[in-house]
Amino acid sequence: LSDRAQTRGIGLVRTPMGLGLVPIRDGEVIPPDEFHKLPDAEQARFKQALDADPGYGDALALLSRLEMARAGNGFGNPDEATRRQLRYATDAVALSPDSALCHAMLAVALVAWRRYDEAIERALHAIELAPGSGEIAVIAGLVLAHGGRTADAQTLLEQGLRVEKQLNPLHAWAAGI
């Protein structure tokens, strides 16, 4: 699987939640800020690689996060990027309904649409799917903070940071921290 991904310019990384796909160049992961500086054609190559294997929900969840970064960093039309973010996250959950990362990224996408009640529901479901994951607790805590549940958010953030002494860089990036 890793070899197949690399032929498409995609790296396969192991995370506490499973496997994740990231764009690579010369065998090295391309950080999000550098990814967004790439020409549109190169960014499209990464997206095409994900589309070639659309059954991988966690990859779509991370693609949702890429769209969030595009929307927030002035790359392209932020309204279109936010719509794509929600679409990718929704598709990710449909493809991988038992993935905590997919539900967490859908929660983040729903926050962008100010659909806080739905976002909180998805974030709490992500916690149910991965109760021992500090990273998911941190993402859920950030979602709850946006939804105005600051006491619950603080509890989740503290729990997450207690469990994970150092956040997985992929999930920290996904959470936007």
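Everything quoted here is computed from the prediction, not taken from an experiment.
The main-chain N or O of Ala123 is never found under 3.5 Å from a side-chain atom of His103 such that the two would form a donor-acceptor pair. For the pair Ser133 (side chain) and Ile136 (backbone), a donor-acceptor distance under 3.5 Å is present.
Residues Leu66 and Tyr88 are members of one and the same hydrophobic cluster, defined by side-chain heavy-atom contacts under 4.5 angstrom among Ile, Leu, Val, Met, Phe, Trp and Tyr. Hydrophobic clustering (side-chain heavy atoms under 4.5 Å, transitive across Ile, Leu, Val, Met, Phe, Trp, Tyr) groups Val111 together with Leu62. Both Val93 and Leu86 belong to a single network of hydrophobic side chains, linked directly or stepwise wherever heavy atoms of I, L, V, M, F, W or Y lie under 4.5 Å apart. Transitive grouping of hydrophobic side chains (ILVMFWY, heavy atoms separated by less than 4.5 Å) keeps Ile120 and Leu106 in distinct clusters. Tyr116 and Met105 end up in the same hydrophobic cluster when Ile, Leu, Val, Met, Phe, Trp and Tyr side chains are linked at under 4.5 Å.
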Which atom pairs, one a donor and one an acceptor, fall under 3.5 Å between side chains of residues 138-151 and the rest of the protein, sequence neighbours left out?
| unit_1 | atom_1 | unit_2 | atom_2 | d |
| --- | --- | --- | --- | --- |
| Arg149 | NE | Asp152 | OD2 | 3.0 |
| Arg149 | NH2 | Asp152 | OD2 | 2.8 |

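Side-chain atoms of Trp113 and Gln85, non-hydrogen and from C-beta on, never get closer than 4.5 Å to each other. The shortest distance between side-chain heavy atoms of Leu60 and Cys102 does not fall below 4.5 Å. Two residues are said to be in side-chain contact when any heavy atoms from C-beta on lie closer than 4.5 Å; Thr82 and Glu67 fail this criterion.
Legend: residues meeting salt bridge (Lys or Arg N to Asp or Glu O under 4.0 Å) with Glu158, ordered by chain and number and at least two apart, are absent.
Counting non-hydrogen atoms of other residues, nucleotides and ligands closer than 6.0 Å to CD of Gln159 gives a total above 12. Taking a 6.0 Å sphere around CG of Asp79, one finds it holds more than 12 heavy atoms contributed by other residues, nucleotides or ligands.
Here the shortest heavy-atom pairing between Ala61 and Ala92 reads N-CB, 3.6 Å.
Rounding to the nearest 0.5 Å gives a distance of 12.0 Å between CG of Asp58 and OG of Ser64.
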